[in-house]
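Protein chains get the first letters and strands the later ones, always in sequence-line order, with residue 1 at the start of each. Atoms considered below: every heavy atom in the structure, side chains included; atoms not considered: hydrogens, waters and symmetry mates.
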Amino acid sequence: MEIWKWVFVGILCYAAFASTVGAVKLGRSQPTERISGSAGDVLEDDPVGRLKVFVYELPSKYNKKILQKDPRCLTHMFAAEIFMHRFLLSSPVRTLNPEEADWFYTPVYTTCDLTPNGLPLPFKSPRMMRSAIQLISSNWPYWNRTEGADHFFVVPHDFGACFHYLEEKAIERGILHLLQRATLVQTFGQRNHVCLKEGAITVPPYAPPQKMQAHLIPGKTPRSIFVYFRGLFYDVGNDPEGGYYARGARAAVWENFKDNPLFDISTEHPTTYYEDMQRAVFCLCPLGWAPWSPRLVEAVIFGCIPVIIADDIVLPFADAIPWEEIGVFVDEKDVPNLDTILTSIPPEVILRKQRLLANPSMKQAMLFPQPAQPGDAFHQVLNGLARKLPHDKSIYLKPGEKILNWTAGPVGDLKPW
Amino acid sequence: MKLSALRLSYMNRRSTSFRGSAPLDSSAESAVKSPAAIFWLLLHGVCCLISLVLGFRFSRLVFLFLFSTSASNLYGMPFRQLATTADLANPLNVPYNPVVNPEVPAINKTVSSRVIVGRHGIRIRPWPHPNPAEVMRAHQIIESVQKEQRIQFGVKSPKTVIAVTPTYVRTFQRLHLTGVMHSLMLVPYGVVWIVVEAGGVTDETAAIIAKSGVRTIHIGFKQRMPNSWEARHKLEVKMRLRALRVVREQKLDGIVMFADDSNMHSMDLFDEIQNVKWFGAVSIGILAHSGGADESSLVAVKEEVEKRSSMPVQGPACNASNKLAGWHTFNSLPYEGKSAILIDDRATVLPQQLEWAGFVMNSRLLWKETEDKPDWMKDLDSVDADIESPLSLLKDPSVTEPLGSCGRQVLLWWLRVEARSDSKFPPGWIIDPPLEITVPSKRTPWPDVPPEPPITEKPVINISEQTVKHTKTRSSRSKRRSKRKHEAKVVDTQVSVRHSEQN
């Protein structure tokens, strides 16, 4: 009897072993892999039912009229603020009863004052935002109830709510004082930086989904480019000597690797840009004037492993997406050794990264499709907001208590808009 | 990204950076008319004037000499700790690894960050060139990525490709067989190459196919290849059937395709034939060239061809519902009466109605006993050796699967190019013993060259490129020249001219 017991145990062990090996083998041959970040497996969560958002009805001079003046705002990389508004207006999380709302949204398009070249000027944005906040605090009681702690704003500009494109100026201004208790949804993210508030939600910049879908090539086209990059290395218009633009990192990439056949890098913008990214293994995403760039979105959509060269950057939805496992992070001081770093990554790690990138929910989370689809960036923002619920009781101010100083900030901001 | 909007700020930056290691204090820009400010302004103006005269910003040089820690560090260390850049009229920081102390903003920052705003140096390593070991590793990475792609997107369970090639030893054999061999070497699936040789197994052919690196089966066929195209086609059919018998005997498993040695195959062909279930057909491009026929017949043929506007394609034809409806064959009417009969002829070589190369079959069709072998396949032994195309192996030709999006993709090209049957070539294409000197080099006198014999032919030799009579050159140059065939008449004239000049 003893021996039969041992045989039975042995068979059980072997079965367990074989099944785990089989599972591992199955996992390796799957084309994708599940993504779970620090907040858990939350990419596919459905925010409907978990939170309620009230959208303030602002006069159209804050949103519609601005858009009418310049429809280019719908296609540039800051278009997220406009599409977020449109999505919330027709979303099931919207509530028309502010008493039951968990979050309040103020639709003000601060990034829509464009130069003839298409670059947004942030000079009027602080005044616009201030004026909007004055309006909502005087017409509705909900701002004063918490001084904005359960309100969120979309500020997709270069340095978020610091409202300037020059980093030194932005740091000097800091985040608009009135927004210091609100949650900010922004594209800018850098650790230990004045313009990234704690609790902010980082989103990807807007990239046109239809345009990218139109350039997909068959998946069996072999990836033959090792490293791919197209963009400026020296911004000769604004920084001809180099060293300021991208903190010298892009110039370092050019000087070190312009002769390297593994690196397909140039400033020319070809018509086959999207197709070439799909034929590359690594895509460089170095910082420019700001650390974030739409290249990250493009790399994720096209399955090219992003090589992120920006110190201390905070990537979109950092708590839902484990970027460390998906991309390659290179310190700016290590740029001269970029080729050594990239070639010493073991092939299994690279294949795993590609499997993670192939996950459709990963690609969906980076896009702002119209109309909204489940799992896209809009839903990830709502998921992020939902994860912050329930609000702590301490955000509700006692009557008469005031925290915000309405006259703080540079004198120019106090002028009415 | 920021263009005109930043020009204003750039002006500010220029003035502040001129102050070198002075902190970037924006509040100082507001007009404070202290003597120091006026002094700096004047100095700035003077320096601007001097720079204008010199042609470059010498301020950097000044700081270089004032603040450099040690001159020996100039070129040795990879990252220098100097305070300025030494760019002489060169706006780009090129190889001298310039480094500037980052100008720390004097703004009070509430958080400490290791990322400093301001001008940074451009780091360049001392030897910015690729490392061969790293390049090899990168290629291995690319290999593994592509292998994974093939597993995911390519054919799920690839079958071995069994290529059947009839061949025989002749001048153009090396050319044709090398082409087929290189195509087969590139096939990402397993390959078995069955080479059937007319006239028996020879070392020539064996030497060529030994370099392929794929598994080869070299079979000899006792008959010699005849000299007429008609007879050659018939013999090739027999050779292919012989190869199919080998497939049956050895029970080779895979997809049989007919790779004639002068055809050109695209790599997509091998991917496409993996989709065949039992018996398939692809479209062939027919490159029926007229080898050097004289002008008038060429023009006539071209006109006829254009009139009928026929495609030089042979293959399956589908109806609107993508089912096999018939066959598209090459229109050979324009060439009637003008086609080549013998291999030596310089007329157009025409293909058969349906070439064997356009058909592929699952090797299990040839096996003697298999469970799921369809019953429309005739047994090899019961087939007459005079069949025209593999369709005669089927009882019902309509079961053929059209491949390549229903025959719309042309995946291989048929070509027949041969030299004259009496043309000679060095065996194995190795020249041994060395050839005689045909054109002595002008510059280096070769001591082994015997003194030139006196020229005995007529002195009138035109430099123009007219064709010289073949007999004339042969009589005077028989000792110096190896026998040339049709070409090199022009060379003959020029050389003979040169000789007459030298004398």
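Interface summary for chain B: among A/Ser344, A/Gly288, A/Ala251, the most heavy-atom pairs under 4.5 angstrom belong to A/Ala251. Residue with the most contacts toward chain B among A/Asn337, A/Val253, A/Thr221, A/Val335: A/Thr221 (heavy-atom pairs, distance under 4.5 Å). With chain B as partner, the option from A/Ser224, A/Pro347, A/Gly219 having the largest number of non-hydrogen pairs under 4.5 angstrom is A/Gly219.
A salt bridge is defined here as a Lys NZ or Arg NE, NH1 or NH2 lying under 4.0 Å from an Asp or Glu carboxylate O, and A/Asp239 with B/Arg119 meets this definition. For A/Asp339 and B/Arg137, the salt-bridge test fails: no basic side-chain N is under 4.0 Å from an acidic carboxylate O.
By the side chain to side chain donor-acceptor pair (under 3.5 Å) test, A/His177 is found to be paired with A/Gln180, residues two or more places apart in sequence or in another chain being considered. Evaluation of the side chain to side chain donor-acceptor pair (under 3.5 Å) rule for A/Tyr206 yields no partner, not counting sequence neighbours.
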Is there a side chain to side chain contact (heavy atoms under 4.5 Å, CB included) between A/Asp259 and B/His129 once you walk through the steps? CA-CA 7 Å; A/Asp259 300 326; B/His129 293 288; 3.6 Å; yes

Show your working on side chain to side chain contact (heavy atoms under 4.5 Å, CB included) between B/Val145 and A/Ile350 and close with a plain yes or no. CA-CA 8 Å; B/Val145 164; A/Ile350 291 182; 4.0 Å; yes

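The only member of A/Asn260, A/Thr340, A/Leu262 that meets side-chain contact (heavy atoms from CB on, under 4.5 Å) when paired with B/Glu134 is A/Thr340.
Annotation for B/Lys159: atom NZ counts as buried by contact number, over 12 foreign heavy atoms lying within 6.0 Å. The number of heavy atoms from other shown groups lying within 6.0 Å of NZ (A/Lys197) is above 12.
A/Asn192 contributes no side-chain N or O that, together with a main-chain N or O of B/Val115, makes up a donor-acceptor pair within less than 3.5 Å. With hydrogens and angles ignored, the 3.5 Å screen pairs no side-chain donor or acceptor of A/Glu168 with any backbone N or O of B/Gly118.
Looking at B/Gln149, only its side chain comes within 4.5 Å of chain A, counting heavy atoms on both sides.
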